[in-house]
Amino acid sequence: MTTGRTSAAPRPTAGALRLVETSTTRPRTVDISDYARQMTAHCPYLAPSRQQGLTTWTVYRADGDSEAVQAELFHAGAQAAEWLRPLLNRPHGVLRCENIVLLGDVPGTRHRDLLAWPHWVLKNLYGPVGVMFGKFYAGEEEVTAAGHRIPAAPASFLPVRAAVRRRDPRFLSATPDLAAALAAADDDGRDVFEHIPTEWTEIRTWARHLLPPAKPSPSSPGTPASPPRSSS
(Lines give C-alpha, C1' and ligand atoms only; values in the text may rest on other atoms or scores of the structure.)
Protein backbone atom coordinates (compact mmCIF):
# COMPACT_ATOMS: atom_id res chain seq x y z
CA MET A 1 0.00 0.00 0.00
CA THR A 2 1.34 3.43 -0.91
CA THR A 3 1.70 6.10 1.71
CA GLY A 4 2.59 9.77 1.50
CA ARG A 5 3.83 12.33 3.97
CA THR A 6 0.83 14.58 3.42
CA SER A 7 -0.87 13.26 6.56
CA ALA A 8 2.25 13.77 8.67
CA ALA A 9 3.26 17.18 7.32
CA PRO A 10 2.40 20.23 9.44
CA ARG A 11 -0.73 21.96 8.14
CA PRO A 12 -1.02 25.49 9.52
CA THR A 13 -3.47 26.15 6.67
CA ALA A 14 -5.93 23.42 7.73
CA GLY A 15 -9.45 24.84 7.59
CA ALA A 16 -8.81 27.11 4.60
CA LEU A 17 -10.75 24.60 2.49
CA ARG A 18 -14.01 23.51 4.08
CA LEU A 19 -15.38 20.10 3.17
CA VAL A 20 -18.93 20.50 1.83
CA GLU A 21 -19.62 17.01 0.47
CA THR A 22 -17.59 13.84 0.80
CA SER A 23 -16.86 11.73 -2.27
CA THR A 24 -20.14 11.02 -4.07
CA THR A 25 -21.35 10.15 -7.55
CA ARG A 26 -24.20 12.68 -7.25
CA PRO A 27 -23.18 15.89 -5.48
CA ARG A 28 -26.10 17.97 -4.20
CA THR A 29 -24.34 21.32 -3.82
CA VAL A 30 -23.36 21.65 -7.47
CA ASP A 31 -25.34 20.40 -10.47
CA ILE A 32 -22.77 18.40 -12.38
CA SER A 33 -24.96 15.79 -14.11
CA ASP A 34 -25.71 17.60 -17.38
CA TYR A 35 -22.11 18.75 -17.74
CA ALA A 36 -20.78 15.22 -17.09
CA ARG A 37 -23.21 13.82 -19.65
CA GLN A 38 -22.02 16.32 -22.30
CA MET A 39 -18.39 15.55 -21.50
CA THR A 40 -18.83 11.87 -22.39
CA ALA A 41 -18.55 12.97 -26.03
CA HIS A 42 -14.99 14.15 -25.35
CA CYS A 43 -13.72 11.43 -23.01
CA PRO A 44 -14.16 7.76 -24.04
CA TYR A 45 -13.70 6.57 -20.47
CA LEU A 46 -16.26 8.84 -18.82
CA ALA A 47 -19.48 7.08 -19.89
CA PRO A 48 -18.43 3.60 -18.65
CA SER A 49 -16.93 5.18 -15.53
CA ARG A 50 -20.21 6.91 -14.68
CA GLN A 51 -22.23 3.79 -15.48
CA GLN A 52 -20.20 1.83 -12.94
CA GLY A 53 -20.27 4.57 -10.32
CA LEU A 54 -16.52 5.20 -10.55
CA THR A 55 -16.61 8.95 -11.21
CA THR A 56 -16.89 10.72 -7.87
CA TRP A 57 -16.91 14.32 -6.67
CA THR A 58 -15.66 15.77 -3.40
CA VAL A 59 -16.83 19.34 -2.88
CA TYR A 60 -14.91 21.99 -0.93
CA ARG A 61 -15.50 25.67 -0.25
CA ALA A 62 -12.68 28.21 0.02
CA ASP A 63 -12.46 29.74 3.49
CA GLY A 64 -9.05 31.39 3.69
CA ASP A 65 -6.56 33.54 1.85
CA SER A 66 -5.06 32.62 -1.51
CA GLU A 67 -1.90 31.01 -0.13
CA ALA A 68 -3.79 28.87 2.38
CA VAL A 69 -6.42 27.73 -0.12
CA GLN A 70 -3.71 26.71 -2.59
CA ALA A 71 -1.99 24.72 0.14
CA GLU A 72 -5.20 22.92 1.00
CA LEU A 73 -6.03 22.20 -2.65
CA PHE A 74 -2.59 20.62 -2.97
CA HIS A 75 -3.20 18.55 0.15
CA ALA A 76 -6.65 17.44 -1.09
CA GLY A 77 -5.16 16.47 -4.44
CA ALA A 78 -2.39 14.44 -2.84
CA GLN A 79 -4.87 12.65 -0.60
CA ALA A 80 -7.01 11.78 -3.63
CA ALA A 81 -3.99 10.50 -5.56
CA GLU A 82 -2.81 8.33 -2.66
CA TRP A 83 -6.31 6.88 -2.29
CA LEU A 84 -6.39 6.16 -6.02
CA ARG A 85 -2.93 4.61 -6.47
CA PRO A 86 -3.61 1.14 -5.00
CA LEU A 87 -6.89 0.90 -6.93
CA LEU A 88 -5.52 1.52 -10.41
CA ASN A 89 -4.33 -2.06 -10.99
CA ARG A 90 -7.58 -3.55 -9.82
CA PRO A 91 -10.49 -4.37 -12.15
CA HIS A 92 -11.82 -1.18 -13.79
CA GLY A 93 -9.05 0.86 -12.16
CA VAL A 94 -8.54 2.83 -15.36
CA LEU A 95 -12.14 4.08 -15.07
CA ARG A 96 -11.75 5.57 -11.62
CA CYS A 97 -11.83 9.36 -11.38
CA GLU A 98 -12.04 11.50 -8.25
CA ASN A 99 -12.86 15.17 -8.82
CA ILE A 100 -11.93 17.89 -6.33
CA VAL A 101 -14.50 20.68 -6.66
CA LEU A 102 -13.79 24.22 -5.47
CA LEU A 103 -16.66 26.51 -4.50
CA GLY A 104 -16.53 30.00 -3.00
CA ASP A 105 -14.35 32.99 -3.68
CA VAL A 106 -11.04 34.35 -2.46
CA PRO A 107 -11.06 38.14 -2.81
CA GLY A 108 -8.72 39.32 -5.54
CA THR A 109 -7.83 35.81 -6.79
CA ARG A 110 -9.42 33.90 -9.66
CA HIS A 111 -10.04 30.18 -9.44
CA ARG A 112 -7.62 29.84 -12.36
CA ASP A 113 -4.85 31.20 -10.15
CA LEU A 114 -5.87 29.18 -7.10
CA LEU A 115 -5.68 25.91 -9.05
CA ALA A 116 -2.59 26.65 -11.15
CA TRP A 117 0.21 25.87 -8.68
CA PRO A 118 -1.44 22.89 -6.94
CA HIS A 119 -2.20 21.40 -10.36
CA TRP A 120 1.37 21.92 -11.59
CA VAL A 121 2.98 20.39 -8.51
CA LEU A 122 0.60 17.43 -8.38
CA LYS A 123 1.08 16.65 -12.09
CA ASN A 124 4.82 16.53 -11.63
CA LEU A 125 4.71 14.47 -8.44
CA TYR A 126 2.21 11.88 -9.60
CA GLY A 127 2.70 11.70 -13.38
CA PRO A 128 5.70 9.33 -13.01
CA VAL A 129 3.53 6.88 -11.03
CA GLY A 130 0.67 6.96 -13.53
CA VAL A 131 -1.78 9.40 -11.95
CA MET A 132 -3.06 12.23 -14.13
CA PHE A 133 -4.37 15.59 -12.90
CA GLY A 134 -6.48 17.97 -14.94
CA LYS A 135 -8.05 21.35 -14.26
CA PHE A 136 -11.28 23.04 -15.30
CA TYR A 137 -12.59 26.47 -14.36
CA ALA A 138 -16.17 27.48 -13.63
CA GLY A 139 -17.85 29.18 -16.56
CA GLU A 140 -14.87 28.91 -18.92
CA GLU A 141 -15.33 27.06 -22.18
CA GLU A 142 -12.35 24.86 -22.98
CA VAL A 143 -10.87 24.01 -26.38
CA THR A 144 -9.15 20.66 -26.96
CA ALA A 145 -5.78 20.28 -28.64
CA ALA A 146 -7.69 19.28 -31.79
CA GLY A 147 -9.66 22.52 -31.69
CA HIS A 148 -12.95 21.05 -30.43
CA ARG A 149 -14.94 23.16 -27.98
CA ILE A 150 -16.07 21.49 -24.80
CA PRO A 151 -18.77 22.81 -22.47
CA ALA A 152 -18.07 25.26 -19.68
CA ALA A 153 -17.83 23.58 -16.28
CA PRO A 154 -20.47 24.56 -13.69
CA ALA A 155 -17.74 24.66 -11.03
CA SER A 156 -13.96 24.69 -10.90
CA PHE A 157 -12.41 21.29 -10.25
CA LEU A 158 -9.30 19.13 -10.41
CA PRO A 159 -9.94 15.65 -11.86
CA VAL A 160 -7.63 12.92 -10.54
CA ARG A 161 -7.53 9.70 -12.55
CA ALA A 162 -5.41 6.92 -14.00
CA ALA A 163 -3.06 8.13 -16.72
CA VAL A 164 -3.70 6.74 -20.19
CA ARG A 165 -0.12 6.40 -21.39
CA ARG A 166 -0.92 6.23 -25.11
CA ARG A 167 -3.16 9.33 -25.04
CA ASP A 168 -2.30 11.69 -22.20
CA PRO A 169 1.26 12.67 -23.18
CA ARG A 170 -0.12 14.43 -26.26
CA PHE A 171 -1.97 16.84 -23.95
CA LEU A 172 1.37 17.88 -22.46
CA SER A 173 3.12 19.25 -25.54
CA ALA A 174 4.04 22.43 -23.66
CA THR A 175 5.86 20.36 -21.03
CA PRO A 176 7.83 17.64 -22.89
CA ASP A 177 9.68 16.39 -19.80
CA LEU A 178 6.40 15.79 -18.02
CA ALA A 179 4.95 14.13 -21.13
CA ALA A 180 7.92 11.76 -21.28
CA ALA A 181 7.61 10.89 -17.57
CA LEU A 182 3.91 10.16 -18.01
CA ALA A 183 4.49 7.99 -21.08
CA ALA A 184 6.95 5.85 -19.09
CA ALA A 185 4.94 5.92 -15.84
CA ASP A 186 5.26 2.98 -13.48
CA ASP A 187 4.00 2.87 -9.92
CA ASP A 188 6.70 1.08 -7.98
CA GLY A 189 5.18 2.06 -4.65
CA ARG A 190 7.54 4.99 -4.12
CA ASP A 191 6.89 7.79 -1.67
CA VAL A 192 6.57 10.74 -4.06
CA PHE A 193 7.32 13.12 -1.18
CA GLU A 194 10.58 11.48 -0.17
CA HIS A 195 12.87 14.07 -1.72
CA ILE A 196 10.81 17.26 -1.50
CA PRO A 197 9.91 19.65 1.36
CA THR A 198 6.70 19.31 3.34
CA GLU A 199 5.60 22.95 3.65
CA TRP A 200 3.52 24.30 0.78
CA THR A 201 5.56 27.46 0.21
CA GLU A 202 8.74 25.37 0.00
CA ILE A 203 7.06 22.80 -2.25
CA ARG A 204 6.00 25.56 -4.63
CA THR A 205 9.53 26.95 -4.66
CA TRP A 206 10.84 23.47 -5.41
CA ALA A 207 8.36 23.12 -8.28
CA ARG A 208 9.55 26.30 -9.98
CA HIS A 209 12.64 24.51 -11.27
CA LEU A 210 10.34 22.14 -13.17
CA LEU A 211 8.81 24.95 -15.22
CA PRO A 212 9.71 24.82 -18.91
CA PRO A 213 11.96 27.64 -20.16
CA ALA A 214 10.05 30.69 -21.30
CA LYS A 215 10.21 31.62 -24.96
CA PRO A 216 12.53 34.63 -25.14
CA SER A 217 10.83 37.94 -25.72
CA PRO A 218 11.68 41.56 -24.88
CA SER A 219 8.79 41.77 -22.41
CA SER A 220 9.17 38.43 -20.62
CA PRO A 221 12.74 37.11 -20.63
CA GLY A 222 13.86 34.14 -18.56
CA THR A 223 11.89 31.47 -16.75
CA PRO A 224 8.11 31.92 -16.35
CA ALA A 225 6.87 32.86 -12.89
CA SER A 226 3.79 30.65 -13.04
CA PRO A 227 2.81 27.26 -14.50
CA PRO A 228 2.08 27.09 -18.23
CA ARG A 229 -1.51 27.04 -19.39
CA SER A 230 -1.17 23.68 -21.07
CA SER A 231 -3.98 21.29 -21.80
CA SER A 232 -5.45 19.37 -18.87
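This chain uses plain numbering: 1 for the first residue, then up along the sequence.
Taking CG of Asp191 as the reference point, atom CG of Leu125 lies at 10.0 Å (rounded to 0.5 Å). If you take CG on Asp63 and CG on Leu19, they are separated by 12.5 Å, rounding to the nearest 0.5 Å. Taken from CZ in Arg110 to OG in Ser66, the straight-line distance is 11.5 Å, to the nearest 0.5 Å. Atom CD in Gln38 sits 11.5 Å away from atom CG in Leu46 (nearest 0.5 Å). Between the CG atom of Leu87 and the CZ atom of Arg90 there is a distance of 5.0 Å, given to the nearest 0.5 Å. Atom CH2 of Trp120 is separated from atom CG of Leu115 by 15.0 Å, given to the nearest 0.5 angstrom.
You'll find the side chain of Lys135 stays beyond 4.5 Å of the side chain of Arg112, heavy atoms only. Put simply, the side chain of Gln52 reaches to within 4.5 Å of the side chain of His92, judged on heavy atoms. Between Arg85 and Val192, the closest side-chain pair of non-hydrogen atoms falls below 4.5 Å. Residues Leu158 and Asn99 are not in side-chain contact: their nearest non-hydrogen atoms beyond the backbone lie 4.5 Å or more apart. Side-chain contact between Thr13 and Trp200: absent, with no pair of heavy atoms (C-beta onward) separated by less than 4.5 Å. Side chains of Val94 and Tyr45 form a contact here, defined as non-hydrogen atoms less than 4.5 Å apart. Taking the side chain as every heavy atom from C-beta outward, Pro159 and Phe133 never approach each other to under 4.5 Å. When side chains are defined from C-beta on, Phe74 counts as touching Val121, because their heavy atoms get closer than 4.5 Å.
Here the closest heavy-atom approach between residue Val106 and residue Asp65 is recorded as CG1-C, 4.0 Å. The two residues Ala80 and Glu98 make their nearest non-hydrogen contact at CB-CG, 3.9 Å. Contact record, Val160 with Leu84: O-CD2, 3.7 Å, taken as the closest heavy-atom pair. Residue Ala153 comes nearest to Tyr137 through the heavy atom pair CB-O, 4.0 Å, listed as atom of the first residue, atom of the second, then distance. Contact record, Leu73 with Leu122: O-CD1, 4.4 Å, taken as the closest heavy-atom pair. When all heavy atoms of Val69 and Leu102 are compared, the closest pair comes out as CG1-CD1, 4.5 Å.
Between the side chains of Thr201 and Glu67, not a single donor N or O lies within less than 3.5 Å of an accepting N or O. Under the 3.5 Å distance criterion, with hydrogens and angles disregarded, a donor-acceptor pair is assigned to the side chains of Ser49 and Thr55.
Legend: salt bridge (charged side-chain N to carboxylate O under 4.0 Å, His left out) pairs involving residues 69-78, not counting sequence neighbours, sorted by first then second residue: Arg11-Glu72. Screening residues 19-28 for salt bridge (charged side-chain N to carboxylate O under 4.0 Å, His left out) gives Glu21-Arg28 as the qualifying pairs, with residues at least two apart or on separate chains.
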Worked check of side-chain contact (heavy atoms from CB on, under 4.5 Å) between Leu88 and Val131: CA-CA 9 Å; Leu88 296 186; Val131 179; 4.0 Å; yes

Steps toward side-chain contact (heavy atoms from CB on, under 4.5 Å) verdict (Tyr60, Val101): CA-CA 6 Å; Tyr60 295 92; Val101 181; over 6 Å; no

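By the 30° and 60° cut-offs, the orientation of the rings of Phe157 relative to Phe136 is parallel.
Within the 3.5 Å criterion, the main-chain N or O of Ala138 finds no donor-acceptor partner in the side chain of His111. Judged by distance alone, the side chain of Trp206 and the main-chain N or O of Pro197 form no donor-acceptor pair under 3.5 Å. Put simply, the side chain of Asp188 gets close to the backbone of Arg190: a donor and an acceptor are under 3.5 Å apart. Looking at His42, its side chain never comes within 3.5 Å of a backbone N or O of Met39 through a donor-acceptor pair.
Within a 6.0 Å sphere centred on CG of Asn89, heavy atoms belonging to other residues, nucleotides or ligands number 12 at most.
In terms of the side-chain hydrogen bond (donor to acceptor under 3.5 Å, both in side chains) criterion, Glu202 has no residue partners (sequence neighbours excluded).
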